[in-house]
Number of protein chains: 2
Amino acid sequence: MIIRGKTEPVFLILTALADEPRHGYGIIQEVRRVTDGRVDLRVGTLYGALDRLAAEGLVEKHGDAVESGRLRRYFRLTETGAQALAAEASRMAADAAVAMERLKKFTAPARSAGLDIAGGLA
Amino acid sequence: MIIRGKTEPVFLILTALADEPRHGYGIIQEVRRVTDGRVDLRVGTLYGALDRLAAEGLVEKHGDAVESGRLRRYFRLTETGAQALAAEASRMAADAAVAMERLKKFTAPARSAGLDIAGGLA
DNA sequence: GCGTAATATCTCGCGGGCCGATATATATCA
DNA sequence: TGATATATATCGGCCCGCGAGATATTACGC
């Protein structure tokens with residue numbers, strides 16, 4: 001979403017980091033989990049986004065670790081990042097509410113011939 | 001939002017068309033209105049997006065008109081477009097709710113030098 | 001009458017960001 | 001031995017939003 005708010009991948013990365021620090025691959029799994037499998041974050045998207053978010057000060061490195069013989073690079077949300085995420089979330093909720101409210105007034109376009117609508121939503 | 005859901009401009013265009021057909025400039029004004037001036041839709045964004053949305057069948061032409069000596073090209077939301085907007089809105093509301101819920105667990109990162117974490121969460 | 005702003009449409013090019021592809025390396029299980 | 005999962009990283013293509021510019025009419029102030 002997002003003007004010049006965040007894109008959905010970025011929003012979800014921040015969301016994944018909201019409760020605790022995670023490493024890259026862990027973020028991917030968490031995003032998949034919180035979206036019920038809907039969003040499969042790409043690594044190319046992830047690392048590019050993390051670099052930008054770190055440059056903006058919304059996330060920061062939380063140290064590297066070697067666990068089970070594998071390198072893990074942890075990131076965590078900063079205070080600024082948490083505020084940005086909260087602002088973005090409330091804006092999205094507001095936009096979504098406006099859309100749903102307005103959709104109540106939607107009536108399906110009348111098809112070519114005079115045959116009509118009636119059924120739109122009511 | 002938005003994977004491969006709609007971007008915010010696109011989402012707001014659909015929202016602006018939800019209650020009744022509008023012409024391009026009217027969409028711009030309506031978007032500004034529903035976002036309390038936050039989003040100023042650019043014409044380059046608008047016409048490109050309308051072309052794509054029409055190609056996808058989410059909006060359709062509602063006829064041209066000359067009013068007050070000015071040409072107006074009207075667009076309206078299709079049934080498919082209304083469904084897409086509803087789906088997108090509910091997805092956004094869900095994502096926003098998840099983010100806000102998780103933010104409750106957020107604790108500010110322990111600051112600065114050497115002093116290690118410890119307080120992070122526990 | 002004249003300039004400016006608002007209304008209204010459209011096009012083009014730049015740049016940013018997502019994604020697919022690719023590379024590398026270790027651990028686990030069949 | 002090979003496939004799959006874990007884990008990191010880079011690069012090029014492509015889509016899309018935006019800035020800038022073009023065109024035209026109406027409305028208002030001076």
Side-chain angles (χ1 to χ4, degrees), chain A residues 1-17 21-33 35 37-56 58-59 61-75 88 95, chain B residues 1-17 21-33 35 37-56 58-59 61-75 88 95:
Chain A
M1 311 248 137
I2 315 179
I3 267 187
R4 264 331 347 200
K6 313 282 161 249
T7 58
E8 194 185 35
V10 165
F11 178 83
L12 291 171
I13 289 169
L14 295 177
T15 298
L17 293 174
R22 294 179 193 279
H23 61 284
Y25 197 76
I27 293 173
I28 291 174
Q29 291 173 312
E30 187 66 9
V31 165
R32 184 159 43 218
R33 202 180 68 79
T35 60
R38 206 192 73 243
V39 176
D40 181 26
L41 202 60
R42 305 279 119 181
V43 291
T45 303
L46 176 68
Y47 291 106
L50 282 174
D51 286 347
R52 273 177 278 123
L53 289 170
E56 290 174 55
L58 302 189
V59 305
K61 286 179 188 161
H62 189 236
D64 295 1
V66 176
E67 291 166 39
S68 313
R70 293 187 188 89
L71 175 63
R72 289 179 169 176
R73 298 184 45 224
Y74 282 85
F75 293 87
E88 187 73 6
D95 283 1
Chain B
M1 358 188 169
I2 309 175
I3 266 186
R4 263 337 320 208
K6 313 282 161 250
T7 60
E8 194 184 34
V10 166
F11 177 81
L12 292 171
I13 289 168
L14 296 177
T15 298
L17 293 174
R22 294 179 193 278
H23 62 283
Y25 197 77
I27 293 172
I28 291 174
Q29 292 173 312
E30 188 66 8
V31 165
R32 185 159 43 219
R33 203 180 68 78
T35 59
R38 206 191 74 243
V39 177
D40 182 27
L41 202 61
R42 305 280 119 182
V43 291
T45 303
L46 175 68
Y47 291 105
L50 282 175
D51 285 346
R52 272 177 278 124
L53 289 170
E56 290 174 55
L58 303 188
V59 304
K61 286 179 189 163
H62 189 235
D64 295 1
V66 176
E67 290 167 40
S68 314
R70 293 189 187 87
L71 174 65
R72 290 178 168 177
R73 298 184 46 223
Y74 282 85
F75 293 89
E88 188 73 6
D95 283 1

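Quick note on labels: first sequence line is chain A, next is B, and so on, each numbered from 1. Every heavy atom of this structure was used, including side-chain atoms; hydrogens, water molecules and symmetry mates were not.
Residues B/Thr35 and B/Leu12 meet the side-chain proximity criterion, which asks for heavy atoms closer than 4.5 Å. The shortest distance between side-chain heavy atoms of B/His62 and B/Phe75 does not fall below 4.5 Å. In this structure, A/Leu53 and A/Leu14 have side chains that are in contact, with non-hydrogen atoms separated by less than 4.5 Å. Considering only heavy atoms from C-beta on, A/Asp95 comes within 4.5 Å of B/Glu8 through its side chain.
As rounded to whole Å, 8 Å separates atom C1' of C/dG16 from atom CZ of A/Arg52. When rounded to the nearest whole Å, the span between CZ of B/Phe75 and P of C/dA8 equals 14 Å. If you take CG of B/Leu71 and P of C/dA6, they are 21 Å apart, rounded to a whole angstrom. Between A/Glu30 atom CD and D/dT6 atom P the separation is 14 Å, expressed in whole Å. As a whole-Å value, the separation of A/Asp64 CG from C/dA25 P is 18 Å. Rounded to an integer number of Å, the gap from B/Phe11 CZ to D/dG17 P is 14 Å. A/Glu67 has its CD atom 14 Å from the P atom of C/dT28, to the nearest Å. The CG-P distance, from A/Asp40 to C/dC18, rounds to 15 Å in whole Å.
For A/Arg42, no side-chain nitrogen or oxygen approaches OP1 or OP2 of D/dT10 to under 4.0 Å. Phosphate contact (OP1/OP2 of D/dG17, side-chain N/O of B/Thr7, threshold under 4.0 Å): present.
Where B/Arg73 and B/Gln29 meet DNA chain C, the nucleotide closest to each residue was compared, and B/Gln29 sits on the side nearer the 5' end. Heavy-atom nearest nucleotides on DNA chain D were determined for A/His23 and for B/Ser68, and the one closer to the 5' end corresponds to A/His23.
When the nucleotides D/dA7, D/dG17, C/dC19 are ranked by their closest atom to the side chain of A/Arg72, D/dA7 comes out on top. For A/Tyr25, taking side-chain heavy atoms from C-beta onward, the closest of the listed nucleotides D/dT6, C/dT9, D/dC18 is D/dT6. For B/Arg70, the side-chain atoms get nearest to C/dT7 when compared with the rest of C/dT7, C/dT11, D/dA7.
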task: Could you walk me through whether B/Leu50 and B/Ile27 pass side chain to side chain contact (heavy atoms under 4.5 Å, CB included), step by step?
output: CA-CA 11 Å; B/Leu50 282 175; B/Ile27 293 172; 4.3 Å; yes

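Residues that satisfy the side chain to side chain contact (heavy atoms under 4.5 Å, CB included) test with A/Ala54, not counting sequence neighbours, are A/Val59. Under the side chain to side chain contact (heavy atoms under 4.5 Å, CB included) criterion, B/Arg32 pairs with B/Ile28, B/Gln29, B/Asp40, sequence neighbours left out.
Among the atoms of the strands shown, base atoms are found under 4.0 Å from some heavy atom of A/Val43.
Listed by residue number, B/Gly44, B/Tyr47 are the residues of residues 44-51 of chain B with a heavy-atom contact under 4.0 Å to DNA chain C.
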